[in-house]
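The structure under discussion appears below in the form of structure tokens.
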Amino acid sequence: QVQLVESGGGLVQAGGSLRLSCAASGRTFSNYAMGWFRQAPGKEREFVAAISWSGGRRYYSDSVKGRFTISRDNAKNTVYLQMNSLKPEDTAVYYCTTGGVAVTAPSEYDYWGQGTQVTVSS
């Protein structure tokens, strides 16, 4: 059974930083792409970042490009999301996900974590 467990969320002031982690288990982590999505209250789940199985390709939404960095450690079965220069509009529940390819569509991913809350105060 595949499990994804996110951690690292919390409350931070605008301009601050947080690092999210997602620990994966249940299948060969290094064979799959990983992604981060987020969902704010009353809004649809939106793509944030994705990384290929090797880490060689990374994709970001325009809203986070230049501020967030996705990375992975295949030896630790963990994917990270370093978030810098946080803004109040980054406030959302952040979800880790895994799938066959690094894409922006949530329907292409087959397992999801439970989410971690990120709140950015102004």
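The basis for the numbers below is simple: all heavy atoms, side chains too, and nothing from hydrogens, waters or symmetry mates.
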Those residues that, when tested against Y59, pass ring pair (Phe, Tyr, Trp, His ring centres under 6.0 Å) (two or more places apart): none
Excluding sequence neighbours, so at least two apart, what forms ring pair (Phe, Tyr, Trp, His ring centres under 6.0 Å) with F37? F47, Y109, W112
Is the backbone of [Y] close enough, under 3.5 Å, to the side chain of [X] for a donor and an acceptor to pair up by distance?
X    : Y    : answer
T116 : G9   : yes
E6   : G115 : yes
S107 : A105 : no

Restricting to side chain to side chain contact (heavy atoms under 4.5 Å, CB included), what partner residues turn up for Q82, sequence neighbours left out?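 In terms of side chain to side chain contact (heavy atoms under 4.5 Å, CB included), with neighbours along the sequence ignored, Q82 is linked to S17, R19, T69, N84.
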For T97 and Y95: C-alpha separation, side-chain torsions, deciding distance, then whether side chain to side chain contact (heavy atoms under 4.5 Å, CB included) applies. CA-CA 6 Å; T97 184; Y95 296 91; 6.0 Å; no
Identify the two heavy atoms, one from S52 and one from A102, that lie closest to each other, and give their separation to 0.1 Å. N-CB, 3.9 Å
I need the Q3 CD to C22 SG distance, nearest 0.5 Å. 11.0 Å
Between CZ on residue R38 and CZ on residue R45, distance to nearest 0.5 Å: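 These two atoms lie 13.0 Å from each other.
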Results of salt bridge (Lys or Arg N to Asp or Glu O under 4.0 Å) for R67 - residues two or more places apart only: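 With neighbours one apart ignored, the set is D90.
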Pairs touching residues 21-33 that satisfy side chain to side chain donor-acceptor pair (under 3.5 Å), sequence neighbours left out: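 Passing the test, one end in residues 21-33: R27-T98, R27-D110.
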For L20, which fellow cluster members are found when Ile, Leu, Val, Met, Phe, Trp and Tyr are connected by side-chain heavy-atom distances below 4.5 angstrom, either directly or through intermediates?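 For the cluster that includes L20, the remaining residues are V2, L4, V12, L18, F29, M34, W36, V48, I51, Y60, V64, F68, I70, V79, L81, M83, L86, Y94, Y111, V118, V120.
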Cationic tip of R72 above Y80 ring, under 6.0 Å, 45° of axis: no
